[in-house]
Amino acid sequence: MTTNAQVESPGRPRPTEDRLATTGSRCTRVLGVVVLLMLAMHLALALVISPPEVIQGEAVRLFYLHVPLAVAGGYLGVGLLAVGSIGYLWKRTIFWDLLAASAGELALVFTALTLLTGSLWGRPVWGTYWEWDPRLTLTALLFVLLIGYRAMRTASTDPHLRARRSAVIGLLAAADVPLIRMSVDWWRGLHQTATLNPLNPSLDGMMLFTFFFSMVTFAVLFVWLLVHRFRVAWLEEQVADRALDEAIAQRRAEGQETQ
Amino acid sequence: MWRDAMLVAGKDLRIEARSKIALNQIAPFALVVLLLFAFALDPDRGFLQEATPGLFWIAVLLSTLLVVQRSYAVESADGGRDALRMTGLDPAGVFLGKSAAVFVVLAMLEVGLGVGVRLMYDTSLRGWPVLVVATVAATTGLVAAGTVYGALAAGLRVRETLLPLLFLPVVAPVMIGGTRAFAAALDGSSGEAWRWCGLLITFAVAYVALGMLLFEPLLEDS
Amino acid sequence: MEPVIHLRDAVTVLGRFPALAGVDLDVTRGEIVLVAGPNGAGKSTLLRLCAGLAPLAKGSGQVLGFDLERRRREIRRRVGYLGHTNGLYLDLTAEENVRFWARSVGAPVGDAVATLDRLEVAQRWRSLAVAHLSAGQRRRTALACLVVRRPEIWFLDEPHTGLDATSRDLLDSLVREAVTGGATALVASHELDRSAALASREIRIVGGVVAGAGDESERPTGDS
């Protein structure tokens, strides 16, 4: 069974009492080991093997962390948030809601780290922690949008109401990204600051390899974390379901007694 | 749908005409905001004139929050939020109706704010056609987004604090577009301003369409 | 007789609390069903579920032939619901409130005035904002909002509360009249002696289920 297949059918294997506490399975453990190996390789490539860049010097190494975080959080995370939200509004099943919730939460973490690494990188290269660069502005707004999504998820205890409203917010936030993108691009169009362009042919071959390897590594890392986060949410849902069944039984019993 | 929209818009505007909350409370609030900007920025050095586009749109954004909040407060004033749902009105119609009512109120506030910046900040308003088009497009976008997010926050215990958090980042394109369009128009470069109008219109169309589609699950809520 | 409400093992969850824990209920057209039971038994939730206001979490249900999960809007526009709160627009006058409801279902606006006449909402109060009306007048206005829609099913939650003797008699006669005209009514109430006289059948809700379900027909009906 592949990891994907497990995500597709989260009810299988049905957690029994003794399995309730785990979110892992054999394939996620394999995947976890793969992620760790890839991260080790990524560190070696980014910190030791790849050469310093001509203009940025050693600071370029932060880029092998910053850009993949941004891509995994911004594209993968927000993309899956949108997919989950649309899926929920269409199918109205809890699976899609939990997918959106997990993706949204991870996207928030990744985006926060993107901002952090970005400003750490900006200090030596631009001479400032923050620059009103279109991409930075977009990331900052995305960060706030994802906080809003999270705020809605904690604002209501009614699972249906929360799922419906969160799905609408997730969909709207994702739809807003291209509009924000367009507006900040135009807004700061004349102020485009120098960033690393991976398609620049003058880039050293090793740097290019490191760059793409880091992208793949963080995409896999994201998926691995997503599977676990999703399973936690799924198990929580099972617990709540069970509690509800008990509550229903209790409520019925209360009716029997008074009769 | 259109009939339902007219019905809801008529009802909301009638409530506003009776209660005069926008006139007696939100308009004075917007005026206070204009005063505060003058305290924050030295009025003698021309900062206010220069910053007028941005200040105008910030004042509009803050007022939008209040108008939207009011629009949903009237639905639950007498307890429960069942009334609108029990009418069985078309959700897209309810969305358009509530949006239209908020638009009318906000447009009047904007006229007041325009007069305010002209008089208090001594900004000369040039390029009328593009200013009007930009304002209408930006307001449509704000109102459509505001109505959706107002419904999203409605009925929650944390609605007052949640609405600004959800709404303000989403309308960043309107804030940028409106400010740039105004700045360009006031500078006399209307070509540039029209380009920003394009962005504002895109935003408005997108949010009106999304609102009409997504209002159903929101109205469905219990 | 034609069934207008059909619930099988219906569960409604409010937050995480199962307000209804598996209700079986069949109501046929023309019945006036009294829903009795202690506080917190789930009477209000049952009414709200059938009116399309509370969600169906498990089980199945149809109201007027429409599925309670997927076609709630169709149900809502055909039924009337009067809850604990009136849900009026406080800044509008009584007449404007009633007109709004009439228009929402496309009923002739002339009905609005006639209904207010019928409910004896005095002329001098009609042009006042509802916020200035007394509790009793507001309740009558809310009732007028319901009547003017000519609902196929009336869901009345503690309708007699806050009404004086005349208004109560008026309410009863309105319900009877509607039922004669082909409507159905579900009335939740504590005041059994009052409501039982009106009802053609009584069900008891306890702990989120219908007590003694299955032999409802043999239970005594409204002669207390």
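A, B, ... follow the sequence lines: proteins, then strands. Residue 1 opens every chain. Just the heavy atoms: all of them, side chains too, but no hydrogens, waters or symmetry mates, feed the values below.
A salt bridge links B/Glu75 to B/Lys11: at least one charged side-chain nitrogen sits closer than 4.0 Å to a carboxylate oxygen. Residues C/Arg8 and C/Asp26 are paired through a salt bridge, judged by an N-O separation under 4.0 Å between the basic side chain and the carboxylate. Between C/Arg138 and B/Asp78, at least one side-chain N (NZ, or NE/NH1/NH2) sits under 4.0 Å from a carboxylate O, which counts as a salt bridge. Between C/Asp67 and C/Arg72 there is no salt bridge, since no side-chain nitrogen of the basic residue lies less than 4.0 Å from a carboxylate oxygen of the acidic one.
Heavy atoms closer than 4.5 Å to chain B are found in the side chain of C/Arg149, but not in its backbone. Contacts between C/Val79 and chain B at a heavy-atom distance below 4.5 Å involve backbone atoms as well as side-chain atoms. Proximity to chain B is absent for every atom of C/Glu74, based on heavy atoms less than 4.5 angstrom apart.
Scanning all heavy atoms of the two residues, the minimum distance from B/Leu219 to B/Arg85 falls at O-CD, 2.7 Å.
The most heavy-atom pairs under 4.5 Å with chain C, out of B/Val8, B/Asp90, B/Asp4, come from B/Asp90. Ranked by heavy-atom pairs shorter than 4.5 Å toward chain C, the options B/Arg3, B/Arg14, B/Met86 are led by B/Met86.
Judged purely by distance below 3.5 Å, without hydrogens or angles, the side chains of C/Glu31 and C/Thr28 pair a donor atom with an acceptor atom. There is no side-chain donor-acceptor pair under 3.5 Å between C/Ser104 and B/Thr87.
You'll find the ring centres of B/Phe215 and B/Phe95 inside the 6.0 Å limit.
Taking 4.5 Å as the heavy-atom cut-off, the residues of residues 18-32 of chain B that approach chain C are B/Arg18, B/Ser19, ordered by number.
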